[in-house]
Novice: 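Attaching a single structure in structure tokens format; questions to follow.
The figures here come from the full heavy-atom set of this structure, side chains too, leaving out hydrogens, waters and symmetry mates. In what follows, chains are A, B, ... by sequence order, proteins preceding strands, each numbered from 1.
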Amino acid sequence: MEISVVLADGTSRTVPSGCTASQLAEMISRRLSENSVAVKVNGALRDLATVLSDGDHLEIITRETEEGREVLRHSTAHVLAQAVTDLWPGAHYAIGPAIADGFYYDFELPKGEHFTDEDLEKIERRMREIVKEGQAFTRMEYSISDGIKLFADQPFKREIIETVAGQATEPPDEEELNEGVNEGALSVYRNSSGFTDLCRGPHVPTTRVLGSFKLMRVAGAYWRGNEKRPQLQRIYGTAWESDKALKEHLVRLEEAEKRDHRKLGLELDLFHFPPEIGGGLPVFHPKGALIRQLMEDYSKREHRKAGYQQVWTPHIAKSTLFEISGHLGWYKAGMYPPMEMEGATYYPKPMNCPMHILIYKSKGRSYKELPLRLFEFGTVYRFERSGVLHGLARVRGLTQDDSHIFCAPDQLPSELARLLKFVISILRAFGLSDFEAELSTRPEKSVGEDYEWEEATAALDHALKESGINYTVAHGEGAFYAPKIDVHLKDAIGRRWQVSTLQVDLQEPQRFDMEFVDSDNTRKRPYMIHRALFGSVERFFAILLEHYAGALPMWLAPVQVSILPVRDDHAAYASEVAESLQKFDARVEILPADEPLGGRIRKAKLDKIPYVLVVGDSDISSGTIGVNARGSQNPERDVPLAEFISRISPELVARPLDASLD
RNA sequence: GCCCGGGUAGCUCAGUCGGUAGAGCAGCUCACUCGUAAUGAGCAGGUCAGGGGUUCGAAUCCCCUCUCGGGCUCCA
């Protein structure tokens, strides 16, 4: 008997009945067979041991594809659990999925034991033994009741099974499906040594195909992500299709570490976090403050051009304000504690919106004033839990480039579209170009009328379509009072950061009883849009530093040109050159000749100065300079000063070309 | 907040078995005056995060606190 299957390239192939995917791969080529880790049968991932049926559409998954890596990682996680249960008999294992670049597995050790860093080496050694043994992964199906017996001494596995079996209340979620539980039957994998795990699979045929992995770290993780449940020990690892790919990944991690804004902040003398001030509260040194100022100045100018009016509001306000706004109701945990003064209670503001609303309400508003766009670099304070603080990316005192736009209901779609374009144009001006947006819709727990939500969500959707930006819809991920758009960007080494956020607020205009007089002389309620563009200046600062690895574009560099006289007697000429450049608003420093030139070059390079100029005898006589540009391997000699000035003057002016609106 | 790991000079780090603190860079002084990624010498710099305990003796062992990092949870 023979059957016919369809391969990924569309061709048909006749194979004997009973043929498995792995046998098919062997028939096609030895190379394919060696590189295959799983198979997609009619679109579903399966083990290579799967017996093929007539008419199946097949795609052999090889190890270097994303899906192939996922299988390798998942199988490696499985080996990790096996190693841990070998070394700690009685250890409970919970879940162990593949994740970006690797995998993890959560454990609970007997007698309250915890893993230490040294244990990772021990576990890794055991894993390598298992890999060497070439243990086969075999898939089996169990009934729910047999499964519960099988995992009698594995409480977490049992809980997963019981949940699905209806002995608990929750329906199966994605995680449980991943773990191999489905209505009525369990999918279980057993190694040849007897280790058994609940798992949907697929897995590689034997552990021998694994090996390019490394355990990275141990961390705490709550069972099912719930901080009320037991805290387990999570081991993270990375795994790849080859040692080469693994090594490349480790090099990428090193590269990312070099770009860490906390490290760069220290090296380039930009900011630090004095313990005397407190966690999450940075101070900016002169160079860091200058960069901030350049960012803010540019932003302010563009906001003015785009029809925003800048406002200023204080840092604290009486509790009354936050009672009206509702912050004390739903955001209290995120607020700094209150201060009592003259019988009133004051809070540091966690957001600027209530104060901007008061500016709106300071007088009667006409439809002729709308949209009213208020804008502020507003510093807010939020009580972030100590464990979440992370350099400038997550702080307790932050400055939002915050805007609140009040418009008539019929202006909402066009205003949002305009706003999103503006946001993108500013982000581009900072040299960022890889964006993705996320539209978050109404969550289950929320307030407001259905028609309001629909209208606001449709307006946001319209804006996204107008902007042409790629976006996904995150169903039910909106704030409880408003749908929103979040803009994410990818930096130079592919990391995603969330920056801008746009929200259509359905609550605050009501809470503050805001209104305007329309052209028909009736009072109407304005719509309100919250918008942070950088997100926070601190965070955006961090993103820029990491994106550029500290080598900021000319217009943001705190020092743009470093001038190095070769000898002391060239100092006067160096000053002349400096003055000429300063006439064009260049930020210049001179490194005097009290140490050898090579040493000074090195310092300037480590400071990532865009242009290092060397001036000596021949330059004085002919009015030239030596130019050593950042990133260039070939310093230039005898460049006429005027020529250099005209070369850099476009760079000295803030902003790249596509920064303006429309 | 929770789990794991750290905290030694401004920075990066060494410090063995518990015997009382060390290097490089940075800083300062002096000399050197040099054409493209580290000139040399000298000086100064420390309550070994803080507190408590064990000990004849603690950077080192134990406990507590603070703080930083990696995660979890959280994130308008």
Novice: Any chance you could list the contact pattern along nucleotides 44-50 of chain B? Use B for base contacts, S for sugar-phosphate-only contacts and - for none, protein heavy atoms under 4.0 Å, 5' to 3'.
Specialist: -------

Novice: Would you classify A:Asn226 as touching base, sugar-phosphate or nothing, given that sugar-phosphate means primed atoms plus P, OP1 and OP2, and contacts are heavy atoms under 4.0 Å?
Specialist: nothing

Novice: My understanding is that only residues two or more places apart in sequence, or in another chain, count here; which of them pass side chain to side chain contact (heavy atoms under 4.5 Å, CB included) with A:Arg217?
Specialist: A:Tyr236

Novice: Taking atom types as they are modelled, is there a donor-acceptor pair under 3.5 Å from the base of B:G71 to the side chain of A:Tyr222?
Specialist: no

Novice: Can you name the ring pair (Phe, Tyr, Trp, His ring centres under 6.0 Å) partners of A:Phe273, sequence neighbours left out?
Specialist: none

Novice: Report the residues that fulfil side chain to side chain donor-acceptor pair (under 3.5 Å) with A:Ser622, sequence neighbours left out, ordered by chain and then residue number.
Specialist: A:Thr624

Novice: Is there a donor and acceptor pair, one atom on the side chain of A:Arg382 and one on the base of B:C75, closer than 3.5 Å?
Specialist: no

Novice: Looking at B:C2, does its base get a donor-acceptor pair with the side chain of A:Gln231 below 3.5 Å?
Specialist: yes

Novice: Between A:His404 and A:His356, how do the two ring planes meet: parallel, tilted or perpendicular, split at 30° and 60°?
Specialist: perpendicular

Novice: Given the rule in the side chain to side chain donor-acceptor pair (under 3.5 Å) test, do A:Gln503 and A:Tyr481 qualify, once you have shown the distances and angles that lead to the verdict?
Specialist: CA-CA 9 Å; A:Gln503 300 168 5; A:Tyr481 63 91; 2.6 Å; yes

Novice: Write down the protein N/O and nucleotide N/O pairs, taken from nucleotides 66-69 of chain B, whose separation is under 3.5 Å; answer none if there are no such pairs.
Specialist:
from	atom 1	to	atom 2	distance (Å)
B:G69	O3'	A:Arg262	NH1	3.2

Novice: Check every atom of B:C74, B:C72, B:A37 against the side chain of A:Arg602 and return the nucleotide holding the closest atom.
Specialist: B:A37

Novice: Would you tabulate the pairs of protein nitrogen or oxygen atoms and nucleotide nitrogen or oxygen atoms of nucleotides 5-13 of chain B closer than 3.5 angstrom?
Specialist:
none

Novice: Taking the side chain of A:Val614 as its heavy atoms from C-beta onward, which of B:G35, B:G1, B:G70 lies nearest to it?
Specialist: B:G35

Novice: Can a side chain N or O of A:Tyr236 be found less than 4.0 Å away from OP1 or OP2 on B:C72?
Specialist: yes

Novice: Just to verify, what does A:Phe406 make a ring pair (Phe, Tyr, Trp, His ring centres under 6.0 Å) with, not counting sequence neighbours?
Specialist: A:Tyr360

Novice: Tell me what A:His272 touches on the nucleic acid: a base, only sugar-phosphate, or nothing, going by heavy atoms under 4.0 Å.
Specialist: nothing

Novice: Indicate for each nucleotide in nucleotides 25-34 of chain B, in 5' to 3' sequence, whether protein heavy atoms under 4.0 Å reach the base (B), only the sugar-phosphate (S), or nothing (-).
Specialist: ------BBBB

Novice: Measure the OG1-NZ distance between A:Thr457 and A:Lys484 for me, rounded to the nearest 0.5 Å.
Specialist: 12.5 Å

Novice: With sequence neighbours excluded, give me every salt bridge (Lys or Arg N to Asp or Glu O under 4.0 Å) pair touching residues 604-616 of chain A.
Specialist: none

Novice: Applying the Watson-Crick and G-U wobble criteria at under 3.5 Å, what pairs with B:G22? Answer none if nothing qualifies.
Specialist: B:C13

Novice: What is the pairing partner of B:C61, taking Watson-Crick or G-U wobble pairs with both distances under 3.5 Å in any strand?
Specialist: B:G53

Novice: Can you tell me, in whole Å, how much space there is between the P of B:A38 and that of B:C2?
Specialist: 49 Å

Novice: Report yes if some heavy atom in the side chain of A:Leu80 is under 4.5 Å from a heavy atom in the side chain of A:Phe107; otherwise report no.
Specialist: yes

Novice: Under a 3.5 Å limit for both distances, which nucleotide forms a Watson-Crick or G-U wobble pair with B:C48, could you say?
Specialist: none

Novice: What's A:Gly598 touching, base or sugar-phosphate or nothing? Going by heavy atoms closer than 4.0 Å.
Specialist: sugar-phosphate

Novice: Please tell me which of the listed nucleotides, B:G70, B:C74, B:A37, lies nearest to the side chain of A:Ala219?
Specialist: B:G70

Novice: May I ask you to say what A:Arg234 touches in the nucleic acid, namely base, sugar-phosphate or nothing, with a heavy-atom cut-off under 4.0 Å?
Specialist: sugar-phosphate

Novice: Going by salt bridge (Lys or Arg N to Asp or Glu O under 4.0 Å), name the pairs with one or both residues in residues 324-338 of chain A, residues two or more places apart or in two chains.
Specialist: none

Novice: Do A:Lys349 and A:Ile316 have side chains that approach each other closer than 4.5 Å (heavy atoms only, starting at C-beta)?
Specialist: no

Novice: Identify, with sequence neighbours excluded, every residue that meets salt bridge (charged side-chain N to carboxylate O under 4.0 Å, His left out) alongside A:Glu436.
Specialist: A:Arg496

Novice: Using a distance-only criterion (donor-acceptor N/O pair, under 3.5 Å, no hydrogens), is the base of B:G35 paired with the side chain of A:Asp617?
Specialist: no

Novice: Taking the six-membered ring for Trp, are A:Tyr308 and A:Phe375 parallel (under 30°), tilted (30 to 60°) or perpendicular (over 60°)?
Specialist: perpendicular

Novice: Among pairs that include at least one residue of residues 268-279 of chain A, which meet side-chain hydrogen bond (donor to acceptor under 3.5 Å, both in side chains), considering only residues two or more places apart or in two chains?
Specialist: A:Asp269-A:His285, A:His272-A:His285

